[in-house]
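Input: a single structure, listed below in structure tokens.
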Amino acid sequence: MEDRKAYYNYLHDIYFPQLPEGHNFDLQLKNPYTWTDYIHLTDGTRVLDPGYQTRDKLHSNFLFTGLIHNEALVMQFLSCMANQNWLQRFGNVKMLLWIPNSSAVKIMARPDTRERAKCSVVRETFCDAKLIATPDDEKSLKSFNNNLLSNDDPIIFNPKSFSKASKYTLIEFNPKDHDLDAFAWDYVVKQLMASRNTPLDKSLNHLGPAAADFFVTKIPLNLLGKVPKNLTSEEFKFLLEVFQSWPFKPDSLLETVSFGKEM
Amino acid sequence: MLSTVARKRILNRRSPAVLVQAFKRTNVSSASSLQNNLIEELKHISLGSKTPGRINVKSDEEVHANKWSTPYDGVFRQSHSKEVMRLWSLLDVCLDSSQFERAESILTTLHPLSIEDNFSFVDDFNKYLNKFAPLASPTEIEAVVANWRSSGKLQTNARTDAIIINALMTKNNPYEKYLLPYLSGRADFRSLLRNVDVFGLQNLKLIVEQNNLDIKFVPAAYRDLITIDNNVEDTNEVTHETNISSSSSPTTTSTTTTTTSPLLEPLMGSADYEPAVLNKQNAEELKSVDTFGMKVIRHTLLSLEPDLNSKLLEKFNEKLEEKLEFFTNDSETQANFFEVYKSLPLDKRDLFEEALNEFNVERQTALENKSIEAAQEKWKHEYEEIKKRGDLGMSKSLNARLWGWFEQMMPLVRDEIERCKNVDDIQIKTLKNEAFAQHSERKKYAPYLRLLDPKKVTVITILEMLKNNSTGGISEGMRTARAVLSVSKALELEFRSEQILNTEKNFVKNFDNSKLSNPKNLKKYSMSLSNFKNDVISDMKVYWPQDIKVKIGSVLISILMHVAKVEVSGVDPSTKQLVRGEAPAFYHSFQYHNGAKIGILKIHKVLSSQLSADKLVGAVQPQSLPMLIQPRPWTSWNNGAYYYSQNQIIRLRDSPEQLAYIKASSDKLDKVYDGLNVLGNTAWTVNERVFKVMSKIWNTGDEFLDIPKAHESLELPEVPPRSSDPSVLNEWKIKVKALQDKYATDRSTRCDANYKLEIARAFLGEKFYFPHNLDFRGRAYPISPNFNHMGSDLSRGLLLFWKGKEIGEEGLRWLKIHLANLFGIDKAPLNEREAFVNDNIELVKRAAEDPMANQEWWTKADKPWQALATIIDLADALKLPDPTKHISHQPVHQDGTCNGLQHYAALGGDVEGATQVNLAPSDKPQDVYTHVAKLVRAKLEEAAANGDENARMLKDNIKRKVVKQTVMTNVYGVTQVGATNQIHKQLQNVFSEDQSYKLSVYLTKVVFASMRELFEGAHLIQDWLAICAKMISKSVRIDIDSYEEMGPKKKPSFMASVIWTTPLDLPIVQPYRAIVKKQIQTNLQTVFIQDPYELHQVDARKQMAAFPPNFIHSLDASHMLLSASSCSKKGLEFAAVHDSYWTHACDVGEMSESLRETFIELHQVDLIARLKDEFDERYKGFLQLIEIPYKSEVGKKILAMRKELTSQLGRPVTLGDEVYLERQRQLLLNSGDENKIAKGESMVTTVSLLENEDLKDLTSAQAMKSMKNSLAEELEESLENTNEYEEEEELKKPVKKSAQKLKVFAPLRLPDIPPKGDFDVNDLRNSKYFFS
DNA sequence: CCACTAAATACTGATATAAGTAATAGAAAATAT
DNA sequence: ATATTTTCTACCGACAATATCAGTATTTAGAGC
């Protein structure tokens, strides 16, 4: 997908003719950064029609792959898995992505680690992810959890053998089905992870006025003593459930700071 | 305890002064050996390498603390080091809480610092002794003094003697031996008796009497008082302004202790003056009548009435010879003084005002001192009322709820304060982790918090928290940082007022006031008191440190959060049952903005919606309301405005440098004070008729003019299903964000309007004043927020001059013109404007008669509320048989037409420009915007004719409005991008989305070009100012700044900000510097704040961008203040909003003349030349970092010299080394010693090589351009043979070759001032549209 | 009482947080090479 | 020292990101004399 005319022309006139016989590439005059261009790709022109498959398994004939330099984009992809929209509307479409090492460390972080942050809870909740390959880079290797390394057993390649790729890690994302309220889930996880090393009996209060008082009656004591960064996605789901049963929860869960920009 | 680390750090610091000494000692016999010696020294110092005790000693802040801004000014950028400031602050609070041991240990720490930091230690000691002495026995006192003296640390002064003597006197001990030095003439009695605050009036009198001292020894301000007995017949007239005699004045002491004294009985029988009494409950009652903030004010005002000394009332009536009744026993009924005043015959008015003033003196005192208690009383009162009625409305009444909070919170606060007092006695070992953390935090803030009264603390915390609702872009809540700061700022303010009050009480303690029944004596007494207060206030120099403030704020807020509860209800999702319960009113939470985490204190939706449903949005800072009497006149930088708080004349922007400058020039600012006092002395009242209309509309809750609708709650568009395309979801989010923003801003504007109305309501019928101060450029602003004449159309429409003047024929004409202006007819000749009103005179009458029913006309005005006010006034006049006899209170405005450009045009002498902004005489008013639009159109026509597609599309769409904002902001230095956005906004509706922006970009360029053409001279000046600012903020002072850290890697640090003085001698310091903030731990969260006492590198970009507009504003501010003084001298009422000047209709002509004359006077001098001279002086000896061509002659010389130095040093020479050498040269040159000067002259440095070079040639645009051109050519060549596909890539390839440039320091030399055009400012005299 | 060490605490600085990079242009500052 | 990337884009009234962690500096506790 390329929508810059000049570059498109170059690809079309010069690059594509040079490709080996029988290649499987198709060039489209579209902007890969525009969500809607994908709709046009899959609906209107029928260029790409993987067909819908149920969510009890991975999509069998559609794979999305790419090197995503921009971390925000990766996060967007993750949220597409959560929302089951965009390409994920065809089913649980596997995504095989090269992403920056630093992002990989964050996203793959396990509970109870220093790196544990909201995005890794997202990953854990909405997909099964596997570390496929990562460069032999001391800094990022150290940051990956040992458990993770032994479980996923990634290929650890010599960064020198791929000069450009040395900053990127290959991860396989396999989306999972779920039926969570995205806004509420996001709110709960966000507020709790804001102070991720504060025991729940305190940090729960960020969810609403005297929230902890309510939770205390609903959740086991040992959970109450835990700190958010040590919680698993399942525990978050549980907390969400409790939160949603709370009569006095705040009305608006997506408030933002508005900066009064004057005329 | 002060951390000993901090102390050690200070002790280790080698002050710059010491270094200078060291260098000065370098004496050498010949120039060459001098050079050699210096080289040796350089080697030794070995800049950039790690010699122990040299490089590492100083942190950045330490290096820059205590520096003169420039040698020219002799003003310290930073008065004292951070540590000293902190210690002083701590010393103050320890003394206030009588912790003498701790105070002594602070003194011990301070002493060594006093030597380094060059402050006088004895002052601090005296402070201590003065607090200690009253509580100690004479022997103890003497022992302490002797002790300190013998340690060699203390040299006592006259004040020390005064303290000792006073202590002995008070304890009836003999004190004569301390008088000996004075009696014997070895010491001056004056210096002893100057310490009136130590002695107090009574002892001062005693000491004079007992020793038969010459009265001349007593400071002049107090002599009269001391001698009351001796010469009652003294004919010396005491000039008496409205000086406040405080509540501690002997005549009224009894009233100060309580605000709940019984209501005043009805004084006289009949209520003949029906119109004079406004029953506010029955009058246009605001729905928001429950607004407790306002009740606070009203209650405060009202509660004073019972306190009213009946004598005063008698005086009232005595003077008027007629009995008036103002007060009934209905506490909600308040006198409408304005109606009384108006109803009086002219000859009685003065007397009435005199009486009113005396009356208001009392009320003002109470307003400033009692409003906090009043709030508390009000809550309690309402609570009890409801309880008595057995009402179920308890939860509905906010005040009752607040009382509940208060009752719960106050004991906790008291406990906390108690813990603070005992903080040193706690056994640390007994504490567990959390308690220990709490304890160690408490230790830091305890000395401050323990000084406060728990009741006041509680009330203030509650008020501030409610006041902050919906601020900071949070719809239901506030930012934590803001909340904690605002609470503690309010506390500090209150504490200071209290201190002033107490000092004052102390001062008059035991004073025999039997003689004060004599009015003359009373006047003397209050004069002295006022003088005394000035002295006290000037002396207060210590502030609570920022980090302490946030800690205190957060502790108190935590307590409040803990107790403040509201009743809530919600639906249980599972059972669908309605559940009731109690929940905290506040909770702490976070929100993210672009990944930045922001701490939020949310107000519970129940409370928040109660607040908005009841149209009650908060409380008013009761300390800064409009004043009932003339503000305390400005007499120094921190003396003026309110009577019981310290107000700074400049709104400092956390800049110690600004503070230092304003302090230093405090006694040269009479012209500024004069002008400012004129503004403050303008009396106002509320336009009741407009107010009635407004409140009627307000109560509907509907949108009306600039009042937004009262949203009940925010309704969001339906959430799209989560599986929608991300683009759909994003769109929805954007929509939601927009709605939330609108909701938040609507809410805050409604809030704001509510404040305005409520304050106006409280001041209905009152005579009041707005105390003013200045922003750092010298522009004046009313100190009281929300409701003032500088606010929106709404507030302006509500304000009338208290004083009325007969309108006369001319005045009537001006009133009409004013009305036309308000309708937006302000570009037509005056006659046409007048005609516009005459043509619509029926509409005027109808609108005035019933504004609500006939709203279609006046609401269409540009400024509808002011138009309505004017309409009413005009209609009143027309009702009279002779309209010219109408007494008008309506302010009439004269606005500068693009005032910034007027000043620019005058400075640049642009003839055409001057004409366009009405400096030059003309038959009809010129409109710059129209003119620029015309110019632009012409240009576009031409370009279109040449086949320019953009121009063709645009040429018929250039309206005045399209260019207006850009022309206006051009003065402020708007950039291309900014202007493009502005124009884009205007073109959006005309062109399609995708065309619009491209066209805007094109149009912006044309507009800029046209502006430049029209105001050529002005733009040259603008550029010149910007260049100067840039050069200055990129220059270094070699004698102090930055050479230390100029090692091989480091860049020099630029510390010089742009500083200038206005024609009124007000020093302006641009505060733009790097912002360095730190996270401070508090109870709730960390808070990210900067320490206002630290100085950092200048922000050159901002300095440059802001200097031209700031300079112009400093001029228009001067013009305004001069005009104010001038108008006041002529007896005109005067008010101003920057470039809009207000007076009575009948005086417009005279005012116009005044402001023309002052403008001419201002520009009589070549202000730019004056500025250049000032800069040249101020920044003399500064160096600038420039780049010169490698190959120039000097360049070669410098290279050679560097090579030489490098070989001599045995290491690469650095810029720092060069600065060092230059500095030595300067030291020699300025030494005053002929020998040394000769040596200096023979010395050659890299800088001196450049001294006589024309830097312009070296760095000129031409030289650089020619280099760039040749490079560009090469680039083009290389591009020629690229094919079209690779073009993009090729373009990005870096240019390999670049001009060889040499970085060197050269003397700072500002460019010559641009030539001036031919316009003569004296022509202005005949321009009638200058202001209109 | 002192000098000493180890443990505890305090202070500092770095980093992540959220989550489309992009409507445009051009200089200056900051950072990377 | 030079090249690339990032930042910023109209003045004033009117300031505000925070939690956590690692590493270092400083203080304190404690044992021993």
Side-chain angles (χ1 to χ4, degrees), chain A residues 31 33-35 69-79 102 106 114-115 117-119 186 190 193-198 229 257, chain B residues 3-5 8 428-429 436-437 440 472 479-482 484-485 546 550 590-599 651 653-654 726-727 730 774-782 785 790 900 965-966 968-982 984 993-994 996-998 1000-1001 1004 1030 1075 1077-1079 1081 1085-1090 1092 1100-1102 1104-1113 1117 1138 1292 1294-1296 1298 1300-1301 1303:
Chain A
N31 184 352
Y33 282 107
T34 310
W35 298 113
H69 174 71
N70 182 350
E71 187 175 272
L73 206 48
V74 182
M75 301 307 173
Q76 283 288 311
F77 288 175
L78 278 178
S79 89
S102 56
K106 284 186 245 174
R114 198 176 72 83
E115 287 78 16
K118 192 187 151 214
C119 65
D186 194 72
K190 192 187 283 184
M193 291 304 275
S195 33
R196 56 190 208 279
N197 209 21
T198 307
K229 74 166 185 186
V257 185
Chain B
S3 95
T4 43
V5 189
K8 271 184 202 156
I428 295 168
K429 280 182 202 166
F436 177 78
S440 57
R479 292 184 174 199
T480 314
R482 190 195 177 103
V484 292
L485 267 180
Q546 204 82 336
V550 292
F590 296 98
Q591 277 175 20
Y592 287 91
H593 185 256
N594 287 335
K597 192 188 283 175
I598 297 168
R651 302 174 184 216
R653 301 227 316 194
D654 275 0
S727 58
N730 279 340
L774 307 170
D775 72 16
F776 73 88
R777 291 106 30 99
R779 278 190 163 194
Y781 299 82
M790 216 164 268
Q965 197 187 10
T966 305
M968 215 152 60
T969 53
N970 195 282
V971 184
Y972 303 139
V974 76
T975 58
Q976 290 266 341
V977 182
T980 305
N981 281 328
Q982 294 166 359
H984 173 64
E993 189 60 39
D994 46 333
S996 165
Y997 202 87
K998 286 220 154 59
S1000 307
V1001 173
T1004 306
K1030 186 179 176 174
I1075 300 167
K1077 295 180 186 164
K1078 282 181 189 151
Q1079 284 180 261
Q1081 187 61 239
Q1085 59 172 67
T1086 67
V1087 168
F1088 200 47
I1089 47 170
Q1090 75 165 328
R1101 187 191 197 120
K1102 275 204 135 176
M1104 176 168 84
F1107 179 47
N1110 283 344
F1111 178 70
I1112 294 301
H1113 283 161
H1138 305 322
K1292 281 176 186 161
V1295 185
K1296 292 266 162 62
S1298 62
Q1300 292 254 329
K1301 280 170 287 179
K1303 271 191 186 163

Output all residues satisfying salt bridge (Lys or Arg N to Asp or Glu O under 4.0 Å) with B:K1030, sequence neighbours left out; order by chain, then residue number. none
Between D:dT7 and C:dA16, how far apart are the P atoms? Round to whole Å, please. 16 Å
Rounded to the nearest angstrom, tell me the gap between atom CE in B:M1104 and atom C1' in D:dA10. 14 Å
On a whole-Å scale, what distance lies between the C1' atoms belonging to C:dC1 and D:dG30? 15 Å
Residue pair A:C119/B:S440 against DNA chain C: nearer the 5' end by closest nucleotide is B:S440
Distance, C1' atom - from C:dA3 to D:dT27, rounded to whole angstrom: 15 Å
My understanding is that only residues two or more places apart in sequence, or in another chain, count here; which of them pass side-chain hydrogen bond (donor to acceptor under 3.5 Å, both in side chains) with A:T34? A:N31
Which residues satisfy the salt bridge (Lys or Arg N to Asp or Glu O under 4.0 Å) test with B:K1102, sequence neighbours excluded? none
Whole-Å distance separating the CZ atom of B:R653 from the P atom of D:dG13: 5 Å
Please list, chain by chain and in numerical order, all residues satisfying ring-ring contact (aromatic ring centres under 6.0 Å, His included) with A:F77, sequence neighbours excluded. A:F64, A:W86
Considering all heavy atoms, the nearest B:T966-B:A979 contact: CG2-CB, 3.7 Å
Residues in side-chain contact (heavy atoms from CB on, under 4.5 Å) with B:V550, at least two apart? B:V484, B:L485, B:I1080, B:T1082, B:V1087, B:I1089
Take atom C1' in C:dC2 and the same atom in D:dC33, then report the distance between them in whole Å. 9 Å
Sorted by chain and number, sequence neighbours left out, salt bridge (Lys or Arg N to Asp or Glu O under 4.0 Å) with B:K597 holds for none
Can you tell me how far P of C:dG26 sits from CD of B:Q976, to the nearest Å? 8 Å
Just to verify, what does B:N1110 make a side-chain hydrogen bond (donor to acceptor under 3.5 Å, both in side chains) with, not counting sequence neighbours? B:R777, B:Q1070, B:Y1072
Can you tell me how far C1' of C:dA16 sits from CG of B:N594, to the nearest Å? 14 Å
Taking CG from B:D775 and C1' from D:dC11, how many angstroms apart are they, rounded to a whole number? 9 Å
What distance, rounded to whole Å, do you find between the two P atoms, one in D:dA14 and one in C:dG13? 32 Å
Closest-nucleotide ordering on DNA chain C, the 5'-leading residue of B:H984 and A:E115: A:E115
Residues which pass salt bridge (Lys or Arg N to Asp or Glu O under 4.0 Å) with B:D654, listed by chain and number, not counting sequence neighbours: none
C:dA18 and D:dT18, which share atom name C1', separated by this distance in whole Å: 14 Å
Which parts of nucleotides 16-23 of chain D does protein reach within less than 4.0 Å, heavy atoms only, written one letter per nucleotide 5' to 3' as B for base, S for sugar-phosphate only and - for none? BBBBSSS-
When you measure from the side chain of B:Y592, which nucleotide among D:dC11, C:dA18, C:dA25 comes out closest? C:dA18
Separation of A:M193 atom CE from C:dA19 atom C1', in whole Å? 16 Å
Can you give me the dot-bracket string for DNA chain D, 5' to 3', counting Watson-Crick and G-U wobble pairs with both distances under 3.5 Å, using [ ] for crossing pairs and | for partners on another strand? |||||||||.......||||||||||||||...
Taking the same atom, P, in D:dA31 and in C:dA8, what whole-Å distance lies between them? 13 Å
Find the distance B:K998:NZ to C:dA22:P and express it as a whole number of Å. 17 Å
Atom pairs, protein N/O to nucleotides 6-9 of chain D N/O, distance under 3.5 Å:
from  : atom 1 : to      : atom 2 : distance (Å)
D:dC8 : O2     : B:R1101 : NH2    : 3.3

Starting at atom NE2 of A:H69, determine the distance to atom P of C:dA22, rounded to an integer number of angstrom. 14 Å
Let's test your reading of the model: under 3.5 Å, does the base of C:dA19 pair with the side chain of A:E71 as donor and acceptor? yes
Assess whether a salt bridge exists between B:D775 and B:R779, defined as any Lys/Arg side-chain N lying under 4.0 Å from an Asp/Glu carboxylate O. no
D:dC12 OP1/OP2 closer than 4.0 Å to side-chain N/O of B:R651: no
Hits for ring-ring contact (aromatic ring centres under 6.0 Å, His included) against B:F590, two or more places apart or cross-chain, chain-then-number order -> A:H206, B:H588
In the structure shown, which nucleotide is the Watson-Crick or G-U wobble counterpart of C:dA22, with both distances under 3.5 Å? none
Under a plain distance cut-off of 3.5 Å, with no hydrogens placed, do B:T1004 and B:Q976 share a side-chain donor-acceptor pair? no
Whole-Å P distance, C:dA27 and C:dC11: 47 Å
Minimal heavy-atom distance between B:H1138 and B:A780, with the atoms involved, is CE1-O, 3.6 Å
